[in-house]
Enquirer: 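Below is the structure I would like to discuss, written out as structure tokens.
Start at 1 and go down the list; that is how both ligands and their atoms are numbered. As the structure is a prediction and not an experimental result, all values here were calculated from the model.
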Amino acid sequence: MNIILLGPPGAGKGTQAQILVDERAMMQLSTGDMLREARSSGTEMGKIVADVMDRGNLVTDEIVIGLIREKLEAGGAAGGFIFDGFPRTLAQADALGALLAEMGMKLDAVIELQVDDEVLVGRIVGRAKEAAAAGQPVRADDNEESLKVRLMAYYKQTSPLIGYYHAKGNLQSVDGLGEIAEVSSAIKGALG
Ligand code: AMP
């Protein structure tokens with residue numbers, strides 16, 4: 001089963017992806033994680049995207065599509081892929097459809113995690129505080145200014161994907177406001 005987790009920053013995509021990985025032997029493909037890894041290992045691409053990411057803007061479609069293509073070609077997901085934070089634009093969504101078709105795969109579901117803005121800000125500020133308290137690095141884009149840009153990027157560039165996947169018959173919307181376990185069981189229900 002190949003699925004997309006769709007939702008604004010702080011909606012819980014990463015947390016829910018991790019649960020699916022543990023329970024269903026799926027493979028999480030987070031473009032955010034891939035980009036952060038490229039930055040910390042100091043690759044050319046990492047240097048190019050650093051500034052854009054810190055400000056909260058989206059990096060180019062070309063870069064993230066390239067990253068996803070590499071991972072899909074490497075394979076190895078017995079239980080299928082979970083796309084987390086990808087696609088984020090209509091061009092990325094089209095590219096994903098084409099890539100999957102090229103590889104003889106298909107998309108089984110798009111789970112939209114619905115959360116309101118106030119909760120998102122609280123979760124992200126909380127995530128930054130927790131990391132700082134535990135002596136862990138705080139994401140450079142987990143601050144109020146970048147968060148505003150990230151939310152705007154979501155509404156302008158990513159939220160049109162809700163209509164796109166609805167029209168394709170793939171969309172399932174889940175309430176992302178509850179406890180982690182509640183959201184997780186709602187996702188399981190949606191996946192069948
Ligand atoms: P995330 O960890 O998913 O919140 O992503 C962190 C940052 O990485 C985003 O704010 C973007 O700058 C960049 N990024 C991650 N995924 C994508 C994507 N699919 N398209 C464009 N930029 C992305």
Enquirer: Hey, is Glu145 close enough to Arg55 for a salt bridge, meaning N to O under 4.0 Å?
Expert: no
Enquirer: Nearest heavy-atom pair of Ser146 and Asp54: which atoms, and what distance?
Expert: OG-O, 2.7 Å
Enquirer: Which one of Asp61, Thr31, Leu35, Asp54 has a non-hydrogen atom at the shortest distance from atom 14 (N) of ligand 1?
Expert: Leu35
Enquirer: Using a 4.0 Å cut-off to any heavy atom of Gln92, which atoms of ligand 1 qualify?
Expert: 18 (C), 19 (N), 20 (N), 21 (C)
Enquirer: Under 3.5 Å between some N or O of ligand 1 and some N or O of Pro87?
Expert: no
Enquirer: To which of Met53, Arg88, Arg150 does the heavy atom nearest atom 5 (O) of ligand 1 belong?
Expert: Arg88
Enquirer: Can we say Glu73 and Arg69 salt-bridge, meaning some charged N sits less than 4.0 Å from an Asp/Glu carboxylate O?
Expert: yes
Enquirer: Could you tell me whether Asp142 and Arg150 make a salt bridge, using a distance below 4.0 angstrom between a side-chain N and a carboxylate O?
Expert: yes
Enquirer: So is there a nitrogen or oxygen of Val59 less than 3.5 Å from a nitrogen or oxygen in ligand 1?
Expert: yes
Enquirer: I'd like to know if Lys13 contacts ligand 1, where contact means a heavy-atom distance under 4.0 Å to any ligand atom.
Expert: no
Enquirer: Compare every heavy atom of Pro9 with every heavy atom of Tyr154, then report the nearest pair and how far apart it is.
Expert: CB-CD, 4.2 Å
Enquirer: Counting heavy atoms only, which of Leu58, Leu67, Val149, Asn57 is nearest atom 12 (O) of ligand 1?
Expert: Asn57
Enquirer: Which bit of Arg139 gets closer than 4.0 Å to ligand 1, counting heavy atoms only: side chain, backbone, both or neither?
Expert: side chain
Enquirer: Quick check on Arg36 - does any of its heavy atoms sit under 4.0 Å from an atom of ligand 1?
Expert: yes
Enquirer: Do Gln92 side-chain atoms and Arg88 backbone N/O form a donor-acceptor pair below 3.5 Å?
Expert: yes
Enquirer: Give a yes or no on whether a salt bridge exists between Glu130 and Arg127, defined as a side-chain N under 4.0 angstrom from a carboxylate O.
Expert: no
